[in-house]
Amino acid sequence: MSKSRLFNLPDMKQSAAYRILINGIVQGVGFRPFIYGLANRYQLAGWVRNTSSGVEIEVSGPSEQLDGFIASIQDEAPPLAHIESLQHESIPDNGHEGFQIQSSHTVEGDYQPISPDVSICEDCLQEMLTPSDFRYRYPFINCTNCGPRFTIIQDIPYDRPKTTMAEFDLCPHCREEYQDPLNRRFHAQPVACPECGPEIWLEVPGTPQDERLSGDQALQTTQRLLAGGKIAAIKGLGGFHLACDAQQPSAVSALRDRKNRPAKPLAVMMPDLAAIRKFCLVSEAEANLLSSPQRPILLLNKNPDHPLPENIAPGQNTLGVMLPYTPLHYLLFTEQDQFPQAPYQVLVMTSANFRGNPILTDHEQVREQLEGIADIYLFHNREIEAHCDDSVIRSVPAKEGPTQFFPIRRSRGYAPQPLLTPFSGPPILAVGAELKNTFCHTRENNAFLSQHLGNLKNYQTLTSFEDSISHFEDLFRIQPSLLVHDLHPDYLSTRYALQRAEKENLPTLAVQHHHAHIASCLADNHDPGDEPIIGMSFDGIGYGDDGNIWGGEVLVADYRSYQRIGHLEYFPLPGGDLAIREPWRTALGLLDHLGIPWDPNLPPVGYAQSLDGVMLGVEPIEVIQNQLASQTNTPQTSSIGRLFDAVSALLGVRQTTSYEGQAAIELEALADPDESDCYPLELSPENTILLPALISGIVKDLQAGQQVPTLAARFHNTLAALVLELAQRARQSHSLNRVALSGGVWQNITLLTHTVQNLSRAGFQVMTHSRIPPNDGGIALGQAVIGLKTLSVED
Ligand SMILES: [Zn+2]
Ligand SMILES: [Zn+2]
């Protein structure tokens, strides 16, 4: 095959020449071979090359052909490419002959977006499963249409020496494909084969190093041990998974015990859509998203006829499911007929991080930290440059119109694809909040929202946070001119911003948590911000201007500023942070605040009485009494998230939690979808949501022996009705007709769908999230756009 071809140019009479600059995701996606093919088709001469800001082309030929060429670039771009801009200018004809693909060219200070990792493509999958192919059963097969990107890139321009594939020299066979412009692997930087590429091996603790299995033997032994109920640590694209057979309840509970993760739902991987359809209810739109190149974990309704063991997602109606996305994953599902659960193998695949610690990537660390948890380790020697968790998405069932998708965690497959901001400005770093931390850099009108980093609560996550920030600044050539942080003085992200600002003499901006939520929703919807919006920020925690914990906030906001026009009535959180993990404390605080007696028949009261009095010889219930009376360690909150906790405890659903949001999630799962009643709505003239009627109504119903699913539904209905009432008041007072719903509480699909229905019927225009999560994982984008707006106002 020829690498470049000479051909006779047609009559040069009306010939012209252009230089074309293309920006966007145009590297590592087969763009140059595509341009090469087009140039051949239009019989144009010239060259194409990668630069650090995108792709540059020089072409000459007949004017008409050139116009067709440019139109075809836009119309026929490869599936993974994303053209953000295409500019062309006339240049003198440089007398090119033929068309060449030139080597990359660096422009100082320039940058380009970097492709997220892409799941294995259909062509590579077929090759991998074809016995005659020289990459048969090779776990690292890839091409320009698929494979690792973000997780292996060390620097730009995206070329093999600047990836963690640099240490693998190409064999002649791979090199030939790599250099052939007509090959699917032309300049596929991670290209590899069994001869020259990375390999896998299996480690079984206690087995001598020279008896380690590699290649297919390692794979088959892993499959056999998984089928025997063992727990495997498996190195993947952006980190390690802990895997076990999902159809063996004992394997699942062993994994839970060892990981000390009693209840948090575990994600599962299934070999194909047929398997997913057996265990879950899947719509057409959901099937498409599951099989997309991003391959997120999708939360699907369980199929009640074919349940997986309850201990995979206890107390939930949904199951987090994904398809295999690397060749290695697919290999784990081959030759399934020899395993006990045939024909459908299902694997638990949960990330091997520890309670908010960053994902493990280093082998030595993995052996050490997973000791006693994993029985076996399936390693490989392609290094992970950037760790990246699986993304999680929930679908919103739509009565009419297309299914909407709602990110819960935006990470692998999506990060670091830039989000376009509604306006441009100097580079900014927004450091996010504390839980589900992500940060966000901007450059012109691109926002680079980081992958999910987890809860920023300890030294390890802080280190990972700092490393990731400098990696982004290197990759995207960003020097921030402003650092934006949460108003909370004690968040590690806030401290990082303040310390760095002092060291580098940079300005900082503190943004109120809920203002950032509403701004993130505006930015998610690409709203230009010409007009303020009614913002309902319903969330867990957010440090308020008055020092209280906000989280049930009605704002009138734009990107620049906000006004708090209403909020949930304050109530005490006896024990502070402890109350968040132990909702019974919040419930007692709420009852006390409303003057409702602590009747021992009420579940949280009964629970408190059943606890042993171990705290300084005082009964737990007395401790709460004392805290409330003396207001010791008892912050005031207006948080809807905490209200959910209290109601969940009050209804006997959950008194203590082992993961964030558990009490609310289980309450939602119980709500009777056919119940339409609600409790009386109480709002003060100042738009304070009052709680007496709601809570005493629930208590009365409970004491009258009403069913918990009915009461759970009425609670949801009441909140949805309150939002409508508040929105109508704001429409009256501020002449606004648009409502933004943001904050972690809106992950509650029951509340979301009821609220959106109510508001739409009343003629409101409703904004929800679709590109970034409504929870704190999206807050950095809100901070960043507020920063951009603030700078532009100052100018
Ligand atoms: Zn491929
Ligand atoms: Zn090779």
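Keep in mind it's a predicted model, so treat the numbers as computed, not measured.
- Aromatic ring centres of Tyr491 and Tyr543 lie farther apart than the 6.0 Å criterion allows.
- Rounded to the nearest 0.5 Å, atoms CZ (Phe715) and CD (Glu668) are 11.5 Å apart.
- The main-chain N or O of Asp527 is never found under 3.5 Å from a side-chain atom of Asn525 such that the two would form a donor-acceptor pair.
- Between the side chain of Lys302 and the backbone N or O of Ala313 there is at least one donor-acceptor pair closer than 3.5 Å.
- Distance check, rounded to the nearest 0.5 Å: OG1 of Thr586 to CG of Asp645 gives 5.5 Å.
- Taking a 6.0 Å sphere around CD of Glu531, one finds it holds more than 12 heavy atoms contributed by other residues, nucleotides or ligands.
- Under the side chain to side chain contact (heavy atoms under 4.5 Å, CB included) test applied with Ile541, the options Thr637, Ile549, Leu573 reduce to a single match, Ile549.
- Looking only at atom types and distance, the side chain of His452 has no donor-acceptor partner in the side chain of Asn437 under 3.5 Å away.
- For the pair Arg564 and Trp550, the cation sits on the ring face: its NZ or CZ lies under 6.0 Å from the ring centre, inside 45° of the axis.
- Between Gly589 and Pro572 the shortest heavy-atom distance is O-CG, 3.5 Å.
- To the nearest 0.5 angstrom, Leu594 atom CG is 6.0 Å from Leu691 atom CG.
- A salt bridge links Asp701 and Arg714; the closest N-O separation between the charged side-chain nitrogens and carboxylate oxygens is under 4.0 Å.
- Checking Asn458 against Thr461 by side-chain atom types alone, a donor-acceptor pair falls below 3.5 Å.
- When atom types are taken as modelled, the side chain of Asn737 and the backbone of Gly763 share a donor-acceptor pair closer than 3.5 angstrom.
- Nearest heavy-atom pair, Ala740 versus Ile518, reported as atom, atom and distance to 0.1 Å: O-CD1, 4.0 Å.
- In this structure, Ser639 contributes its side chain and Gly552 its backbone to no donor-acceptor pair below 3.5 Å.
- In this model, a donor atom of one side chain and an acceptor atom of the other lie less than 3.5 Å apart for Glu666 and Gln662.
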| field | Evaluation steps, side chain to side chain donor-acceptor pair (under 3.5 Å), between Ser537 and His514 | value | CA-CA 6 Å; Ser537 184; His514 301 290; 2.7 Å; yes

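- Looking at Thr753, its side chain does come within 3.5 Å of a backbone N or O of Ile749 through a donor-acceptor pair.
- In this pair, His567 and Tyr570 present their aromatic rings tilted. The plane angle is within the 30 to 60° band.
- The backbone N or O of Ala433 sits nowhere less than 3.5 Å from a side-chain atom of His488 that would complete a donor-acceptor pair.
- Side-chain polar atoms of Thr350 and Arg261 form a donor-acceptor pair below 3.5 angstrom.
- Side-chain contact of Arg256 with Asn311: a donor-acceptor pair under 3.5 Å is absent, judged by distance alone.
- Ser395 and Glu286 share a side-chain donor-acceptor pair at under 3.5 Å.
- Phe538 and Trp746 have parallel rings, their planes meeting at less than 30° on a 0 to 90° scale where 60° marks the start of perpendicular.
- Separating the CD atom in Gln404 from the CG atom in Leu752 is a distance of 8.0 Å, to the nearest 0.5 Å.
- Remark: Glu660 engages Lys436 in a salt bridge, criterion side-chain N to carboxylate O under 4.0 Å.
- Rounded to the nearest 0.5 Å, atoms CG (Leu722) and CG (Asn687) are 11.0 Å apart.
- The nearest pair of heavy atoms linking Met322 to Asp390 is CE-OD2, 3.4 Å.
- Remark: Arg394 fails to qualify as a cation-pi partner of Phe405 under the 6.0 Å distance and 45° angle criteria applied to the six-membered ring.
- Rounded to the nearest 0.5 angstrom, Phe279 CZ and Asn303 CG are separated by 9.0 Å.
- Remark: aromatic rings of Tyr562 and His517 are distant, center separation not under 6.0 Å.
- Contact record, Ala669 with Gln316: CB-CA, 4.3 Å, taken as the closest heavy-atom pair.
- Annotation for Ser742 and Cys521: closest pair CB-CB, 4.0 Å, computed over non-hydrogen atoms.
- Looking only at distances, a side-chain donor or acceptor of Asn717 sits under 3.5 Å from a matching main-chain atom of Asp677.
- Residue Glu310 places its CD atom among more than 12 non-hydrogen atoms of other residues, nucleotides or ligands, all under 6.0 Å distant.
- A donor and an acceptor atom, one from each side chain of Glu569 and His593, are located under 3.5 Å apart.
- In this structure a side-chain-to-backbone donor-acceptor pair under 3.5 Å is present from Asp524 to Ser770.
- A donor-acceptor pair under 3.5 Å is formed between the side chain of Ser648 and the backbone N or O of Ala663.
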| task | Begin from the C-alpha positions of Asp776 and His513 and carry the test side chain to side chain donor-acceptor pair (under 3.5 Å) through to its verdict. | result | CA-CA 9 Å; Asp776 287 4; His513 195 88; 3.1 Å; yes

| task | Take Asn775 and Gln747 through the test side chain to side chain donor-acceptor pair (under 3.5 Å) and record every step on the way to the result. | result | CA-CA 8 Å; Asn775 59 45; Gln747 292 170 117; 2.8 Å; yes

